2 protein chains.
Amino acid sequence: MRAQKAEEILDAAEKLARSGGYGGFSFRDLARGVGIKSASVHYHFPTKEDLGIAMTQRYNERFIHGLGDPRGEGTVDEKIARYINAFRTSMIEDRLMCLCGLFGAEVTSLPGNVAEETRGFFERNRDWLMAVLADDTRFADDDARERAALTLIAKLQGAMIMARTMIDVDVFETILEDPLG
Amino acid sequence: MRAQKAEEILDAAEKLARSGGYGGFSFRDLARGVGIKSASVHYHFPTKEDLGIAMTQRYNERFIHGLGDPRGEGTVDEKIARYINAFRTSMIEDRLMCLCGLFGAEVTSLPGNVAEETRGFFERNRDWLMAVLADDTRFADDDARERAALTLIAKLQGAMIMARTMIDVDVFETILEDPLG
DNA sequence: GTCTATAACTCGATAGAC
DNA sequence: GTCTATCGAGTTATAGAC
């Protein structure tokens, strides 16, 4: 188990990073958020890269775990709806973007290991969606399933960025109206 | 007409911003790129916001103009292919992302007027695509055309971010295989 | 138009006391 | 674990000489 204070720091970091990206938060911001000084943040995470890795790993694992078993109960369309809802809920209710969507956009500014974790997010999302689609007769083979999975992820990431930039949540709903279309 | 040096500065800024975003370039970077000092960059563009506005306006107008008349010669599918190719070419040949895709991801860090221009990019892209689709019997009404337009933009922006993050250009091609599907 | 010099600030990171 | 204090580097931006 990680120390309780470290989790609080990661909470604050995730909230800020899911709004302003990797460059959108500083050690001073995090310190203010959890009621300590920035030097004390360095005690828990020596460098920003350490913090970035821990933050992205935690986000990825929590996200994938929250999706549940891709082969579990429910129809394909229900699972796809739940997948979309994972993004929709945090965006609309908490104004939080996808951490790895923002990190992906600034990948050239990320430390190498943070970029690696960001890539892993997309790979794991693709694999989860392909597993969901495994039994669906609408898709002939693995190539078709991979195409549908990658396309849905791209639509979601693009839709979130566009909806926030255009200040219009309907943009998100419009784009996701026919998720596998 | 803008001064020649100002255009050189905008060229350098656009190249850097289309890789690292708005926070990915500094006045010193631009100065080094055009062979002057950072104080001289401020002569041409007093603040970074001034530069950001000019850069985004120029990018938007050049991009839309480069697309040509949405009601001109050619089939719908040819025009859609040209639209996609505008992104594909700069990404693959010059490793340049869409300026406004990256800006959209960091919109909370942008000066207000730069965020406005970024929003305008997506609106003008949507309108151009809707004009292209105006005569296509595959779309029943304006709502269907708007949905197809926004979805294609989202797929493209998401595909570029994912392809670069996953270090796999095939991701882009796979997602754009069936552009209006 | 471009320069030198510098102000004023923020950043990540460290030393050392407690 | 947290603090004060600080370092060195980066940032945008300005004053004033040439």
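What you see is a predicted model; the values in this text were computed from it and never measured. All heavy atoms count here, side chains included; hydrogens, waters and symmetry mates do not.
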Just checking A:R2: does its CZ atom have more than 12 heavy atoms from other residues, nucleotides or ligands closer to it than 6.0 angstrom? yes
Give me the one residue out of B:N60, B:L110, B:V107 that meets side chain to side chain contact (heavy atoms under 4.5 Å, CB included) with B:T118. B:L110
Honestly, is A:K48 close enough over A:F25, meaning NZ or CZ under 6.0 Å from the six-membered ring centre and within 45° of the axis? yes
Length of the line joining B:H42:NE2 and C:dT6:P, which is rounded to integer Å: 17 Å
Where the side chain of A:R18 meets the backbone of A:M97, is there a donor-acceptor pair that is under 3.5 Å apart? yes
Got a sec, which residues hit side-chain hydrogen bond (donor to acceptor under 3.5 Å, both in side chains) with B:Y59, two or more places apart in sequence or on another chain? none
For A:L16 and C:dC11, give me the distance from atom CG to atom P, rounded to whole Å. 11 Å
Rounded distance (Å) that lies between atom C1' of D:dT2 and atom CG of A:L30: 16 Å
More than 12 non-hydrogen atoms from neighbouring residues, nucleotides or ligands closer than 6.0 Å to NZ on A:K5, yes or no? yes
Any residue of residues 33-41 of chain B with a heavy atom less than 4.0 Å from an atom of DNA chain C: B:I36, B:K37, B:A39, B:S40
In residues 43-56 of chain A, what residues come within less than 4.0 Å of DNA chain D, judged by heavy atoms? A:Y43, A:H44
Decide if atom CZ of A:R71 counts as having more than 12 heavy atoms of other residues, nucleotides or ligands within a radius under 6.0 Å. no
Ignoring hydrogens and angles, tell me if any N or O in the side chain of B:T56 forms a donor-acceptor pair with the backbone of B:E117 under 3.5 Å. no
What residues in residues 21-28 of chain B put a non-hydrogen atom under 4.0 Å from any atom of DNA chain D? B:F25, B:S26, B:F27, B:R28
Between the main-chain N or O of A:G72 and the side-chain N or O of A:K79, is there a donor-acceptor pair closer than 3.5 Å? yes
Residue pair B:R88 / B:N85, side-chain donor-acceptor N/O under 3.5 Å: yes
With a 4.0 Å heavy-atom cut-off, tell me which residues in residues 99-117 of chain A come close to DNA chain D, sorted by residue number. none
According to side-chain hydrogen bond (donor to acceptor under 3.5 Å, both in side chains), who are the partners of A:D143, at least two apart in sequence or on a separate chain? none
Flag, side chain of A:S90 to backbone of A:F87, donor-acceptor distance under 3.5 Å: yes
Backbone N/O of A:P179 and side chain of A:K155: donor-acceptor pair under 3.5 Å: yes
